[in-house]
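I have placed the structure first, in the form of structure tokens, so that the comments after it can refer back to it.
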Amino acid sequence: MRRGSLLLFIAPAVAGALAAVPLTLSAGVARAAASECAAGEVCVWPSANYTGGVQVVMDEVCHTTPVGSVHEGDPETTQEMRVYAQPGCAGTPTVVRAGTTNPSVSGQSYLDWHAPGA
């Protein structure tokens, strides 16, 4: 048997053997939780169910970045997290009130809002 003929015979046999071997792949994705946000803090995550890097919000400035989860841990009732579907905090916001969480909010920007005079 010539070398080329032998290769044509062996290659399908090896491919068939590899296909018969079950492979188990682990995603290895760490699950986050709202508990990553310290008591009294306001935090956002880029993905739903508190996944991705947590960002502690400490200002009243519009941030244009994806938002998938919010923990509004400030007990002050004059404060709320506003999540906007559009960049630049444009449009009607989804409001997450003080002391609450939302594990599945969808937005492109957010603003930690305080009532005037508060």
Side-chain angles (χ1 to χ4, degrees):
M1 208 185 262
R2 293 183 345 166
R3 177 179 266 180
S5 298
L6 182 61
L7 200 57
L8 290 175
F9 176 73
I10 293 176
V14 170
L18 288 176
V21 175
L23 296 176
T24 303
L25 300 176
S26 171
V29 176
R31 292 286 174 186
S35 62
E36 285 185 31
C37 190
E41 297 288 347
V42 178
C43 301
V44 296
W45 288 261
S47 302
N49 299 313
Y50 312 105
T51 56
V54 62
Q55 177 68 42
V56 177
V57 181
M58 302 195 323
D59 56 20
E60 294 182 45
V61 176
C62 177
H63 296 269
T64 298
T65 186
V67 182
S69 305
V70 174
H71 175 76
E72 176 44 282
D74 194 328
E76 185 181 318
T77 59
T78 59
Q79 179 176 321
E80 61 191 29
M81 176 61 75
R82 294 181 174 186
V83 178
Y84 298 84
Q86 301 170 350
C89 297
T92 303
T94 297
V95 175
V96 181
R97 304 234 180 257
T100 66
T101 63
N102 188 329
S104 184
V105 64
S106 180
Q108 295 300 312
S109 58
Y110 64 88
L111 173 67
D112 187 26
W113 183 84
H114 289 81

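Since this is a predicted model, take the numbers as computed values, not measurements.
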Would you say that H114 contacts E76 through its side chain, given a criterion of any heavy-atom pair below 4.5 Å between the two side chains?
yes
If I take atom NE2 from residue H63 and atom CD from residue Q55, how far apart are they, to the nearest 0.5 angstrom?
7.0 Å
I need the C43 SG to D112 CG distance, nearest 0.5 Å.
10.0 Å
Identify all side-chain donor-acceptor contacts of residues 81-89 below 3.5 Å with residues at least two apart in sequence or on another chain.
residue : atom : partner : partner atom : Å
R82     : NE   : E80     : OE2          : 2.8
R82     : NH2  : E80     : OE2          : 2.9

With clusters built from Ile, Leu, Val, Met, Phe, Trp and Tyr whose side-chain heavy atoms come within less than 4.5 Å, directly or transitively, what are the remaining members of the cluster of V56, listed by chain and number?
M58
G68 backbone acceptor or donor facing S47 side chain under 3.5 Å
no
Examine distances only and state if a side-chain atom of E72 and a backbone atom of D74 form a donor-acceptor pair shorter than 3.5 Å.
yes
V105 reachable from W45 in the ILVMFWY side-chain graph, under 4.5 Å edges:
no
Can you measure from CG (L111) to CD (E60) and round to the nearest 0.5 angstrom?
7.0 Å
Within the structure provided, determine whether V57 and E41 are in side-chain contact (heavy-atom separation under 4.5 Å).
no
Please check this pair: side chain of N49 against backbone of T51, looking for a donor-acceptor N/O pair closer than 3.5 Å.
no
Note: S109 and A90 closest approach over all heavy atoms is OG-N, 4.5 Å
Tell me whether V67 is reachable from Y50 by hopping between hydrophobic residues (I, L, V, M, F, W, Y) whose side-chain heavy atoms are closer than 4.5 Å.
no
Using 0.5 Å steps for rounding, measure from the OG1 atom of T94 to the OH atom of Y110.
15.5 Å
